[in-house]
Amino acid sequence: MRQISANQLDKLNSRKPLIVVMSGPSGVGKSSIVERLLASHRDFVESVSATTRKRRTGERSGRDYFFLSHEEFRNKKKKREFIETAEIFGEFYGTPKKPVLEALERNRTVLFDIDIVGGQAIKKWCREAVLIFIMPPSLNVLRKRLVGRRTESESQVKVRLGRALKEMKVWTKYDYVVCNDDLERATALIENIITAESQRVSRSGTINFTE
Ligand code: ADP
Ligand code: 5GP
């Protein structure tokens, strides 16, 4: 049997950092899940998106989003500072590239809470990204969560529910689907997915990006 050298063993055991995208309809519980994952994994970080939408009560710039004016957003987009951008509910959202690359450099698992178009864009940017779709147990439960969050007006809730139906049709394009019926259970399932993915043989070595 061929011997394995210490050098080869080091290479095998040095795992690539993971990119984990979570998408799903507004109000399904993505932020709640991300918050739990960050609280119990010091090597996880969240990609903080930029947005032109108004800040909700309790949200902090730099933690939840980078809240930008339309002009600031346009300038950054022109300078190609985003991996991807999307127009959602009449506002702009974008994933800043630099912090993601820096986190991966530090071997951090990077979590993305972005929409379905953004999810596909991240997969195109990095083929090894893991895409998880979060499903609500039912539309009725989703409506209750959106209303219960008290961050959107009645008409905004309607728009978000309308978009939810469209979004939920693309779940087959994702690698995994997790139902957020119970927050603890859903978070544990996602932790299991991340653990299994990080042990893939194909993840020993370097990470590749397009561009
Ligand atoms: P998203 O980030 O997907 O828009 P949030 O994380 O803001 O969704 O969750 C929407 C609302 O639903 C919040 O009030 C949150 O506390 C609640 N929520 C999230 N997950 C669950 C769950 N499994 N059971 C009950 N309520 C939940
Ligand atoms: P919210 O306004 O509720 O925070 O987010 C609305 C939608 O925008 C959610 O589906 C969320 O996942 C998505 N989103 C947040 N940041 C980004 C981003 O940088 N890019 C894309 N494509 N979607 C985003």
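All ligand and atom numbering here is 1-based and tracks the order in the structure.
- The closest approach between any non-hydrogen atom of Arg56 and ligand 2 is below 4.0 Å.
- Within the structure, ligand 2 has Asp113 among the residues with a heavy atom less than 4.0 angstrom away.
- Remark: Glu81 does not engage Lys98 in a salt bridge, criterion side-chain N to carboxylate O under 4.0 Å.
- Annotation for ligand 2: atoms under 4.0 Å from non-hydrogen atoms of Gly118 are 22 (N).
- Ion pairing between Arg56 and Glu59 holds under the 4.0 Å rule for side-chain N and carboxylate O.
- Ranked by closest heavy atom to atom 8 (O) of ligand 2, the top entry among Ile122, Ile88, Val117 is Ile88.
- Arg127 places no side-chain N or O within 3.5 Å of a backbone atom of Phe209 that could act as its donor or acceptor partner.
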When the side chains of residues 27-35 are checked against the rest of the protein, which donor-acceptor pairs come out under 3.5 Å, sequence neighbours left out?
| unit_1 | atom_1 | unit_2 | atom_2 | d |
| --- | --- | --- | --- | --- |
| Lys30 | NZ | Gly24 | O | 2.9 |
| Lys30 | NZ | Pro25 | O | 3.1 |

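- Shown here for Asp115 and Gly118, the closest heavy-atom pair between the two residues is OD1-N, 2.9 Å.
- In summary, of the residues considered (Phe73, Phe92, Trp125), a ring-ring contact (aromatic ring centres under 6.0 Å, His included) with Phe82 occurs for Phe73 alone.
- The shortest N or O to N or O distance between Glu167 and ligand 2 is not below 3.5 Å.
- At a threshold of 4.0 Å, the pair Lys124-Glu84 does not count as salt-bridged, since none of the basic side-chain nitrogens sits closer than that to a carboxylate oxygen.
- Within 6.0 Å of CZ on Arg63 lie more than 12 heavy atoms contributed by other residues, nucleotides or ligands.
- Nearest-heavy-atom check against atom 18 (C) of ligand 2 across Ile83, Ile114, Thr51 picks out Ile114.
- The closest approach between a heavy atom of Glu91 and any atom of ligand 2 is not below 4.0 Å.
- In Arg160, the part holding a heavy atom less than 4.0 Å from any atom of ligand 2 is the side chain.
- The closest donor-acceptor contact from the side chain of Ser23 to the backbone of Ile114 lies under 3.5 Å.
- Taking only non-hydrogen atoms, the option from Thr95, Asp115, Ile116 nearest to atom 10 (O) of ligand 2 is Asp115.
- Of all atoms in ligand 2, numbered sequentially from 1 with element shown, those under 4.0 Å from a heavy atom of Lys30 are 12 (O).
- Here is the list of ligand 2 atoms found below 4.0 Å of a heavy atom in Ala86: 22 (N).
- Pairs engaging residues 16-41 under the ring-ring contact (aromatic ring centres under 6.0 Å, His included) rule: His41-Phe44 [sequence neighbours left out].
- Counting the atoms of ligand 2 from 1 in the order shown, those under 4.0 Å from a heavy atom of Arg53 are 1 (P), 2 (O), 4 (O).
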- Query: Could you go step by step and tell me if Thr51 and Arg53 meet the side chain to side chain donor-acceptor pair (under 3.5 Å) rule?
  - Reply: CA-CA 5 Å; Thr51 184; Arg53 86 145 159 77; 5.1 Å; no
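- With a 4.5 Å cut-off between side-chain heavy atoms of Ile, Leu, Val, Met, Phe, Trp and Tyr, the cluster of Ile88 takes in Tyr65, Phe67, Phe89, Tyr93, Val159.
- The closest approach between any non-hydrogen atom of Tyr65 and ligand 2 is below 4.0 Å.
- Close N/O approach between Gly94 and ligand 2 is found [any backbone or side-chain N/O within under 3.5 Å].
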Sub-3.5 Å pairs, protein N or O with ligand 1 N or O:
| unit_1 | atom_1 | unit_2 | atom_2 | d |
| --- | --- | --- | --- | --- |
| ligand 1 | 2 (O) | Ser31 | N | 2.9 |
| ligand 1 | 2 (O) | Ser31 | OG | 2.5 |
| ligand 1 | 3 (O) | Val28 | N | 3.3 |
| ligand 1 | 3 (O) | Gly29 | N | 3.0 |
| ligand 1 | 3 (O) | Lys30 | N | 2.8 |
| ligand 1 | 3 (O) | Lys30 | NZ | 3.0 |
| ligand 1 | 4 (O) | Gly27 | N | 2.8 |
| ligand 1 | 4 (O) | Arg149 | NH1 | 2.8 |
| ligand 1 | 6 (O) | Ser31 | N | 3.4 |
| ligand 1 | 6 (O) | Ser32 | N | 2.9 |
| ligand 1 | 6 (O) | Ser32 | OG | 2.6 |
| ligand 1 | 7 (O) | Arg149 | NH1 | 2.9 |
| ligand 1 | 8 (O) | Gly29 | N | 3.1 |
| ligand 1 | 20 (N) | Asn180 | ND2 | 3.1 |
| ligand 1 | 23 (N) | Arg145 | NH2 | 3.4 |
| ligand 1 | 23 (N) | Asn180 | OD1 | 2.9 |
| ligand 1 | 23 (N) | Asp181 | O | 3.3 |
| ligand 1 | 23 (N) | Leu183 | N | 3.1 |
| ligand 1 | 24 (N) | Arg145 | NH2 | 3.3 |

